[in-house]
Amino acid sequence: MKLPTAFYQRPDVVRIARELVGKYLFTRIDGVLTGGRIVETEAYAHIGDQACHSHLGRFTNRTKVMYEAGGIAYCYLIYGRYTLFNIITNEAGKADAVLIRGLEPTEGVAEMLLRRGLPAPARNLTAGPGLLTQALGITTKHYGTDVSGDLIWIEDHAERMPDERLVASPRVGIDYAGLDAALPWRFRLKGSPWVSPAK
DNA sequence: TATCAGATCGACT
DNA sequence: GTCGATCTGATAC
């Protein structure tokens, strides 16, 4: 079943990030269904987390949707080339987010290959936050899109996801956040080849 | 106003 | 293992 908006509006972003591992992310962009199982996420909290774009109430053109109520997409460009896909959580004004870093393709693989320009399924089809957005057709145009809608949504297939299959570790690429960089807010599905390549 | 570093990936050595 | 592509926001002048 499709996760309702209420799922994202709960206050504990770390718990939401953990629960999203094993759920299924789908998009129907240009009328084509693509998606797969989420195998890697990271939590970003607006309070006490320097790595979060909304830390200390930063409010810019880029971060403004983070301050809306949970359940919408926060897409932005990094390094001038890659779109990263986050889901805003918590209630309006409490700008928390979950970054989707890794996906195991299950639906619409042919279309994903086309979008990625690959001849055959390979690990680099969706293993990495900048890659899965390409494969799913997510761009900055989807900034602010409802993730419980008909364009982008997440389904719960009621798979058993035992704790021992979930690995918590520090997040990636945020050394600038000082001590906060050590917070174990990155969640991966143990043994999945579809987790992102970054250390 | 200018500079810098970043929640990345892929090409190349 | 290293480096370039090239956009955004933060910080320094």
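Each chain gets a letter, A, B and so on, in the order the sequences are listed, and its residues count up from 1. Basis for what follows: all heavy atoms, side chains included, without hydrogens, waters or symmetry-related copies.
A donor-acceptor pair shorter than 3.5 Å cannot be found between the side chains of H55(A) and D49(A). Judged by distance alone, the side chains of Q134(A) and R115(A) never bring a donor and an acceptor atom under 3.5 Å apart. Defined by atom type and a distance below 3.5 Å, a donor-acceptor pair is present between the side-chain atoms of E40(A) and S196(A). Defined by atom type and a distance below 3.5 Å, a donor-acceptor pair is missing between the side-chain atoms of R37(A) and T106(A).
Counting heavy atoms from C-beta outward, Y24(A) and E107(A) have side chains that stay 4.5 Å or more apart. By the 4.5 Å heavy-atom criterion applied to side chains, N90(A) and M66(A) are not counted as neighbours. Contact check for L3(A) versus L20(A): side-chain heavy atoms found under the 4.5 Å cut-off. You'll find the side chain of T27(A) stays beyond 4.5 Å of the side chain of H142(A), heavy atoms only.
Listed by first residue number, the stems of DNA chain B with at least three Watson-Crick or G-U pairs below 3.5 Å are B:1-6 with C:7-12, B:8-12 with C:1-5.
Residue R123(A) places none of its side-chain N or O atoms closer than 4.0 Å to OP1 or OP2 of dC9(B). Contact annotation: R81(A) side-chain N/O to dG10(B) OP1/OP2 distance is not under 4.0 Å.
Between Y74(A) and Y143(A), the angle of the ring planes goes over 60°, which puts this pair in the perpendicular group of the 30/60° scheme.
Using a 4.0 Å cutoff to heavy atoms of chain A, the contacted part of DNA chain C runs 5' to 3' from dA5(C) to dA10(C).
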Taking protein heavy atoms under 4.0 Å as touching, what does nucleotides 1-6 of chain B look like 5' to 3' if B marks base contact, S marks sugar-phosphate-only contact and - marks none? -----B
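Spacing between atom CG of N124(A) and atom P of dC9(B) amounts to 10 Å, rounded to whole angstrom units.
Atom NZ of K94(A) is surrounded by 12 or fewer heavy atoms from other residues, nucleotides or ligands within 6.0 Å.
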